[in-house]
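Below is one structure, written out as structure tokens; the observations come after it.
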Amino acid sequence: MAEKRRSGGGTVMPDSKSVKAESDKEFLSQAGVGVLLRDALLKLVEARSEDPIGFLAEHFSNLASESESGPVGGGGGDGGEPQENTVEEQQQLSRALWHLSLAHHSQRSAFNNNIRLAYDLLTQCGSIRRVPGGVQGRIYTEMLQCLCSEGGLSGTTAAPLLRRIRCHDYEAVPFELFRQGVQTCAAFADYIRKSQCLYAAVASRPERPAERSLCRAVLATLEEALDTSHGADSARFLEASAKISPAKLAQAMADVRGAGEQQEGPTMDAREFEDAAAALFIARVRVVI
């Protein structure tokens with residue numbers, strides 16, 4: 001046995017498993033896999049997705065698509081660039097919208113980070129027609145339309161808001177304006193969904209529209225909540241939430257009943273109620289000049 005141990009002139013041969021482990025570690029490091037996985041997990045934690053596997057699959061699919069398309073504005077051919085730029089813009093727009101979908105707008109820090117990522121993506125669109133100083137107005141407006149659509153808003157509901165915040169096609173949209181536009185659309189989509197729930201609660205019977213007097217009482221309560229504009233953000237949110245709490249709304253409707261309103265009076269359908277609620281919100285949005 002001693003003979004066998006001394007064979008080889010004392011040279012220590014590296015363990016094959018150790019060599020393989022070092023090789024695997026070097027490969028993962030060079031490929032940047034650790035960074036990719038860390039970023040993916042951070043995105044997942046921010047989004048709190050109910051489908052983690054689907055979320056990660058979409059995340060890596062977007063990364064693969066971005067890798068395959070190469071650097072933005074890198075293509076170019078005789079007479080073919082406008083069409084290539086259109087395809088490129090749609091790819092970048094899809095990626096920007098995906099980033100914006102990762103976190104709810106109430107998650108301030110994560111949502112603002114995603115807005116910045118979306119902005120940086122869209123500032124790279126259209127190498128020929130790129131506008132210095134921001135995102136091209138045409139791309140910005142298209143993104144807002146997509147945001148409203150993905151938020152469940154119909155074209156007729158979103159149109160008055162978009163007319164207030166859209167920019168001219170040739171304008172450069174700076175980051176702060178871009179951020180405000182994204183946040184406004186996200187908040188408006190949430191607001192309309194809540195107004196639809198309020199109408200469903202007011203309409204006691206699904207087959208019959210809600211009473212107009214009750215709808216007006218709820219709309220007046222919504223308007224009061226929207227007019228909450230003093231104090232810090234947290235204080236304003238708490239005050240506004242209190243004004244549209246179930247107890248507050250129930251009290252407003254009880255006041256109408258106590259004023260001697262008839263049980264079967266004029267009605268207001270869901271479309272009219274939604275339009276009225278939307279108008280209250282949009283009236284408080286500053287027009288982009």
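Treat the numbers as computed from the prediction; the structure is a model and nothing was measured. The first residue in the sequence is number 1, and the count goes up from there.
Contact record, Leu226 with Tyr191: CD1-OH, 3.6 Å, taken as the closest heavy-atom pair. Taking each heavy atom of Ile282 and Pro160 in turn, the nearest pair found is CD1-CB, 3.6 Å. Nearest heavy atom pair, residue Gly151 against residue Ala189, reads O-CB, 3.8 Å. Looking at every heavy atom in both residues, Ala278 comes nearest to Ile192 through CB-CD1, 3.8 Å. A pairwise comparison of heavy atoms in Gly181 and Ile165 identifies O-CD1, 4.2 Å as the closest pair. The heavy-atom pair separating Tyr140 from Arg166 by the smallest distance is CE2-CA, 4.4 Å.
Under the ring pair (Phe, Tyr, Trp, His ring centres under 6.0 Å) criterion, Phe111 pairs with no residue, sequence neighbours left out. Annotation: side-chain hydrogen bond (donor to acceptor under 3.5 Å, both in side chains) contacts of Asp190 (sequence neighbours excluded): His104, His105, Arg193. Looking at residues two or more places apart in sequence or on another chain, you find no side-chain hydrogen bond (donor to acceptor under 3.5 Å, both in side chains) involving Arg216. Listed by chain and residue number, nothing satisfies the side-chain hydrogen bond (donor to acceptor under 3.5 Å, both in side chains) test with Gln145 (two or more places apart in sequence, or in another chain). Every side-chain contact (heavy atoms from CB on, under 4.5 Å) that Ala118 has, sequence neighbours left out, goes to Ala96, Leu100, Phe178. Residues forming a salt bridge (charged side-chain N to carboxylate O under 4.0 Å, His left out) with Glu274 (at least two apart in sequence, or on another chain): Arg271. Residues meeting the side-chain hydrogen bond (donor to acceptor under 3.5 Å, both in side chains) test with Arg179, sequence neighbours left out: Glu176, Gln183. Among residues two or more places apart in sequence or in another chain, the salt bridge (charged side-chain N to carboxylate O under 4.0 Å, His left out) test is passed with Arg212 by Glu272. With sequence neighbours excluded, the residues satisfying side-chain contact (heavy atoms from CB on, under 4.5 Å) with Thr267 are Arg208, Pro209.
Going from atom CD of Gln92 over to atom OG1 of Thr123 covers 9.0 Å, rounded to the nearest 0.5 Å. If you take CG on Asp169 and CD on Glu171, they are separated by 9.0 Å, rounding to the nearest 0.5 Å. Summarising the geometry, atom CE belonging to Met143 is positioned 11.5 Å from atom CG belonging to Leu121; distances are rounded to the nearest 0.5 Å. One distance of note links CG of Leu177 with CD of Gln180; it measures 6.5 Å at 0.5 Å rounding. Between the CE atom in Met268 and the CG atom in Asp275 there is a gap of 10.0 Å [rounded to 0.5 Å]. Between the CG atom of Leu122 and the CD atom of Gln124 there is a distance of 9.0 Å, given to the nearest 0.5 Å.
Pairs passing the salt bridge (Lys or Arg N to Asp or Glu O under 4.0 Å) check and including a residue from residues 151-160, sequence neighbours excluded, do not occur. Counting only residues at least two apart or on different chains, no salt bridge (Lys or Arg N to Asp or Glu O under 4.0 Å) pair has a member in residues 145-158. Annotation: salt bridge (Lys or Arg N to Asp or Glu O under 4.0 Å) contacts involving residues 276-288, sequence neighbours excluded, comprise Glu223-Arg284, Asp227-Arg284.
In summary, the side chains of Gln90 and Glu142 do present a donor paired with an acceptor at a separation below 3.5 Å, with no hydrogens or angles considered.
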> Could you go step by step and tell me if Val218 and Phe273 meet the side chain to side chain contact (heavy atoms under 4.5 Å, CB included) rule?
Replying inline: CA-CA 10 Å; Val218 172; Phe273 183 87; 3.9 Å; yes
>> Run the side chain to side chain contact (heavy atoms under 4.5 Å, CB included) test on Ile115 and Phe175 for me, step by step, so that the C-alpha distance in whole Å, both residues' side-chain angles and the decisive distance to 0.1 Å come before the verdict.
In response: CA-CA 9 Å; Ile115 291 176; Phe175 175 71; 3.8 Å; yes
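Between Phe281 and Phe188, the angle of the ring planes lies from 30° to 60°, which puts this pair in the tilted group.
Within the 4.5 Å cutoff, the side chain of Leu198 has heavy atoms near those of the Leu222 side chain. Between Ser109 and Asn113 there is a side-chain heavy-atom pair separated by less than 4.5 Å.
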